[in-house]
Amino acid sequence: VAKEKGRNRFKLFYPSMAERERQRFTLETLLKKAIENAEFELHYQPQVDISLKSVIGAECLIRWNNDQLGWVSPMDFIPLAEETGLIHDIGDWVLATACERLRHWEETQAPFNKTCSYLAVNVSPRQFAKKDFAQRLRHIILSSGLQDLSMLELELTEGCLMHHSYESIKTLAQLRNIGVRISIDDFGTGYSNLSYLRNFPLDTLKVDQSFVRDCIADSKSRAIVKAIISMADGLGLSTIAEGVENHEQLTFLQNLGCRVFQGYLFSKPVAIDEFEAFLNESISVLAKE
Ligand code: C2E
Ligand code: MG
Ligand code: MG
Ligand code: MG
């Protein structure tokens, strides 16, 4: 019976495996052409300092719009880009686009410089692990003409620093020399050895949105959020809570001493025009107060 069951299951399983392989291949083929066809776009999600009541920065999130597939979520194509190595070209495109935007703001001074002082870009582990990552970044920054390099923040994940290798320490030191800001994204969800917090020069921990989501209903998530914020405090790092969707979460996190927030409560990630309008609006609201 077991054998029969197994055979049946195999029959059902096999076509779906093949189908998945085909889908993956299609996705990979289309992804390869996406940069030259200009199918990517950056969206911007504000980071709000609640005590200043202003937008102090934004995270850049990549969007892919393909004729055949429509909008594809980064959750669906970033892992594939990592596996295939396409992440290096995609990552360079993201960094170049963010630097050009920053340079434009630097030149025109408004509305960006009023309160908002940085853009954060996601860097995936394989991208970070490439030996010439810092070199490529330096080149991208130079080509953009950007002057104030503290306007660029790199969001690394625990996965980037997990191996604690000579190479990753060297890359981090190079990034420090360049002068960009460094934050740890999705903090608390990686399987990392915390000693990197002692050895690496960082600026910010981003409390993962899964803990933020559950911090009202689940006492364990609450305990983890408390511990992360107090640890960051002790280490002299700032914290950002991501995925904040309602006032209960905001109040709870504020009471723990967190000041900077990112989430749907304030804004979804939006296209550049909408983001600039949001900045202008929050500035005029502030001016009225
Ligand atoms: P992430 O860096 O942790 O980004 C946060 C994700 O949470 C974004 O999803 C954002 O849209 C979403 N989010 C923000 N606020 C809320 C909220 O209040 N509630 C909920 N439910 N979600 C919220 P998105 O844009 O789909 O990106 C998913 C992930 O894809 C990112 O997670 C990041 O790991 C990766 N990613 C996005 N853009 C890039 C990129 O340019 N390069 C690389 N390497 N990875 C990227
Ligand atoms: Mg991020
Ligand atoms: Mg995150
Ligand atoms: Mg994430």
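Just the heavy atoms: all of them, side chains too, but no hydrogens, waters or symmetry mates, feed the values below. On a predicted model such as this, the values are computed, not experimentally measured, just so you know. Counting starts at 1 for both ligands and their atoms, in listed order.
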- Query: Do S124 and E82 pass the side-chain hydrogen bond (donor to acceptor under 3.5 Å, both in side chains) test, and can you show the C-alpha distance, the side-chain angles, and the key distance before you say yes or no?
  - Reply: CA-CA 8 Å; S124 45; E82 277 245 310; 2.9 Å; yes
Q) Would you say the side-chain atoms of E28 pair up with the backbone N or O of R24, donor to acceptor, closer than 3.5 Å? A) no
Heavy atom of [X] under 4.0 Å from ligand 1?
X	value
G91	no
R63	yes
E59	yes

The option among C60, P125, S267, S124 carrying the non-hydrogen atom nearest to atom 44 (N) of ligand 1 is S124
To atom 19 (N) of ligand 1, the nearest of E242, Q262, E245 on a heavy-atom basis is E245
Any N/O/S atom of D186 sitting less than 2.8 Å from the Mg ion (ligand 3), backbone or side chain?
-> yes
Contact region, D186 to ligand 1, non-hydrogen atoms below 4.0 Å, reads side chain
With heavy atoms and a 4.0 Å threshold, my read on which part of Q249 contacts ligand 1 is neither
Which atoms of ligand 1 are found less than 4.0 Å from any heavy atom of [X]?
X	result
Q209	5 (C), 6 (C), 7 (O), 12 (C), 20 (C), 21 (N), 22 (N), 23 (C)
P269	11 (O)
D185	1 (P), 2 (O), 3 (O)
G263	15 (N), 18 (O)
V94	41 (O)
Q45	14 (C), 15 (N)

Please check if any side-chain donor atom of [X] sits under 3.5 Å from a side-chain acceptor atom of [Y], or the reverse.
X	Y	value
S183	E155	no
E274	Y44	no
Q262	E242	no
H43	E41	yes

The Mg ion (ligand 3) has as its nearest N, O or S atom from E242 the atom OE2
To the Mg ion (ligand 2), the closest N, O or S atom belonging to E59 is OE2
key: Side chains of F211 and T189 in contact at under 4.5 Å (non-hydrogen atoms)   = yes
side-chain hydrogen bond (donor to acceptor under 3.5 Å, both in side chains) filter on R136, not counting sequence neighbours, yields D92
In this structure, the Mg ion (ligand 2) sits at the vertex of an angle between OE1 of E155 and OD2 of D185 that rounds to 10° as 90°
Quiz prompt | Verdict with reasoning, E39 to N66, per side-chain hydrogen bond (donor to acceptor under 3.5 Å, both in side chains) | solution = CA-CA 6 Å; E39 294 170 13; N66 177 269; 3.0 Å; yes
Worksheet item: Short N/O distance, under 3.5 Å, between I62 and ligand 1?
Response: yes
Contacts of F133 meeting ring pair (Phe, Tyr, Trp, His ring centres under 6.0 Å) (sequence neighbours excluded), chain-then-number -> none
Residues D49, R259: salt bridge by 4.0 Å N-O rule:
yes
